[in-house]
*Asks:* 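Sharing a structure here in structure tokens format.
Every chain is numbered from 1, with letters handed out A, B, ... down the list of sequences.
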There are 2 protein chains.
Amino acid sequence: MSGRKHLESTLAGDHAGARGARKQLTRDRLLDAALTLMSEGHSFPSLSLREVTREAGVVPTAFYRHFHSMEELGLALVEECGVTLRRLLREVRKAGVPTTDIIRHSVAVYWQYVRANPRQFRTAASERHGGSPAIRQAIRNEVNLFVREMAQDLRMLGYRSDLPTATLEMICSLVVNTMLNAASDILDLPPDQPQLARELEANFVAQIRLIFLGAEQWRAEPAG
Amino acid sequence: MSGRKHLESTLAGDHAGARGARKQLTRDRLLDAALTLMSEGHSFPSLSLREVTREAGVVPTAFYRHFHSMEELGLALVEECGVTLRRLLREVRKAGVPTTDIIRHSVAVYWQYVRANPRQFRTAASERHGGSPAIRQAIRNEVNLFVREMAQDLRMLGYRSDLPTATLEMICSLVVNTMLNAASDILDLPPDQPQLARELEANFVAQIRLIFLGAEQWRAEPAG
DNA sequence: TGTTTCAGTGAACAACTGTTGACAAAGCCC
DNA sequence: GGGCTTTGTCAACAGTTGTTCACTGAAACA
């Protein structure tokens with residue numbers, strides 16, 4: 001019952017054998033099914049267990065082999081979105097620092113990233129304020145992680161090195177909020193309206209620019 | 001069938017007679033029930049028609065005397081939230097312009113307003129990105145209305161009168177997004193943590209301040 | 001006054017929900 | 001190979017859902 005192998009297999013995502021691989025596959029199919037249903041207009045709290053298993057091509061009872069409840073699936077989904085977000089950060093970082101018009105460039109990367117992963121971003125935006133308290137908290141954690149990592153990046157770049165970390169994080173959190181709002185906006189556009197999309201992007205760039213304009217003016221001792 | 005009186009009573013919210021008043025009352029009870037259930041952790045898309053009528057103390061079929069579907073109730077709810085928001089704007093406006101530390105003052109009013117109407121703000125934040133497409137669109141309209149009104153207020157105050165309206169609205173939309181995010185954050189705090197609430201408020205004030213710091217620096221011709 | 005209109009009731013329906021237990025087959029370990 | 005473990009299936013349950021229809025009683029109207 002409590003053999004070593006069993007313990008291993010219950011830890012996160014080991015699943016080396018052919019059996020574990022198969023399990024991971026249908027687990028992924030369940031997560032994918034939920035993501036797909038949500039991108040089709042459903043919202044997560046209204047998803048039923050049976051709907052998800054139907055979409056995944058599995059019998060309802062099989063669900064319990066992977067999650068205790070829909071809420072647990074939701075948390076797994078949040079983690080997946082977090083991974084996606086952090087991958088984005090790594091990509092932007094890897095793209096180097098053009099120093100000239102860095103904002104427009106970063107926004108462009110972000111924009112294309114949102115369009116490439118619409119389901120994850122819709123889910124993140126949708127559950128951030130709407131889901132169950134537990135899921136909301138999980139997303140908050142994920143977002144905070146992202147914010148902290150981003151602030152650290154700014155620090156590494158030597159941006160406003162006179163400011164305390166808390167202030168940098170305050171700025172980044174403002175940026176991230178704006179990012180997520182913009183993602184939700186763009187994903188609600190009818191896909192055949194490139195003009196509206198461009199206006200939205202321009203507005204988004206302007207807002208980010210405005211934030212950094214404010215950040216450059218921020219006094220280290222804002223006591224007024 | 002098409003008498004004058006009947007026509008009147010189908011128009012929005014006339015309901016002068018004793019009958020109309022009674023109808024309006026249970027309609028309000030339905031809306032209130034939905035709001036209450038949502039503030040208890042449920043999210044709107046997962047609310048069932050029967051749950052709402054149960055909470056409102058009426059039989060399920062009575063629902064149809066007021067709304068065709070839950071989605072229609074949702075739209076009515078959005079409108080109610082919009083009214084709440086505009087009342088807020090009027091209150092801030094009425095409070096006068098202290099000119100000194102206007103941001104901290106406005107934020108304080110807003111803060112207390114959120115705490116006084118938690119159910120409306122939770123609903124607004126929750127459905128803004130999460131609800132059905134129709135409801136999402138309705139909220140977007142409501143928010144845009146608010147943004148436009150706020151931009152007009154800034155103009156009346158003579159704030160950055162050199163900027164085009166579109167730019168003012170871009171700024172206000174950033175402010176409103178930040179406001180709604182902060183509302184969602186504060187409403188998720190455990191109610192016995194005044195220290196966290198104060199930190200949250202300080203962070204919120206800082207973000208708004210940062211935005212206006214950027215706004216003051218914004219060049220009328222941002223072509224770079 | 002008598003008649004009409006209509007918000008709210010009650011019973012009933014078919015469909016769907018989450019969850020159960022026993023069972024088949026395939027992977028795993030000895 | 002044989003026995004244990006485990007993923008997925010099948011059948012079935014009790015409860016809830018949205019919606020229907022015929023109804024009651026009181027307010028509104030003539």
*Asks:* Just jot down the side-chain hydrogen bond (donor to acceptor under 3.5 Å, both in side chains) partners of Asp188(A), sequence neighbours excluded, or say none.
*Replies:* Arg122(A), Arg136(B), Arg140(B)
*Asks:* How far apart are the C-alpha atoms of Phe204(B) and Ile186(B), what are their side-chain angles, what is the distance that settles it, and do they pass the side chain to side chain contact (heavy atoms under 4.5 Å, CB included) test?
*Replies:* CA-CA 10 Å; Phe204(B) 179 35; Ile186(B) 192 189; over 6 Å; no
*Asks:* May I have the distance from Gln24(B) (atom CD) to dG8(C) (atom C1'), rounded to whole angstrom?
*Replies:* 16 Å
*Asks:* How would nucleotides 10-19 of chain C be written as a contact map, 5' to 3', with B for base contact, S for sugar-phosphate-only contact and - for no contact, using protein heavy atoms under 4.0 Å?
*Replies:* BBB----BBB
*Asks:* Using a strict threshold of under 4.0 Å (side-chain N to carboxylate O), is an ion pair present between Glu142(A) and Arg86(A)?
*Replies:* yes
*Asks:* How would nucleotides 22-27 of chain D be written as a contact map, 5' to 3', with B for base contact, S for sugar-phosphate-only contact and - for no contact, using protein heavy atoms under 4.0 Å?
*Replies:* ----BB
*Asks:* Under the side-chain contact (heavy atoms from CB on, under 4.5 Å) rule, collect the residues that match up with Thr123(A), sequence neighbours excluded.
*Replies:* Leu35(A), Met38(A), Leu77(A), Cys81(A), Glu127(A)
*Asks:* Taking CZ from Arg27(B) and P from dG8(C), how many angstroms apart are they, rounded to a whole number?
*Replies:* 12 Å
*Asks:* Find the distance Lys23(A):NZ to dG8(D):P and express it as a whole number of Å.
*Replies:* 8 Å
*Asks:* To the nearest Å, how far apart are Phe67(A) CZ and dG8(D) C1'?
*Replies:* 15 Å
*Asks:* Salt bridge (charged side-chain N to carboxylate O under 4.0 Å, His left out) between Arg93(B) and Glu149(B): does it pass, once the steps are laid out?
*Replies:* CA-CA 11 Å; Arg93(B) 211 178 293 151; Glu149(B) 211 168 321; 3.3 Å; yes
*Asks:* Side chains of Asn117(A) and Arg87(A): any donor to acceptor distance under 3.5 Å?
*Replies:* no
*Asks:* Just how far, in rounded Å, is C1' of dG8(D) from CZ of Arg22(A)?
*Replies:* 9 Å
*Asks:* Restricting to side-chain hydrogen bond (donor to acceptor under 3.5 Å, both in side chains), what partner residues turn up for Ser132(B), sequence neighbours left out?
*Replies:* Glu71(B)
*Asks:* If a pair satisfies ring-ring contact (aromatic ring centres under 6.0 Å, His included) and one of its residues is in residues 44-66 of chain A, list it, with sequence neighbours excluded.
*Replies:* Phe63(A)-Phe67(A)
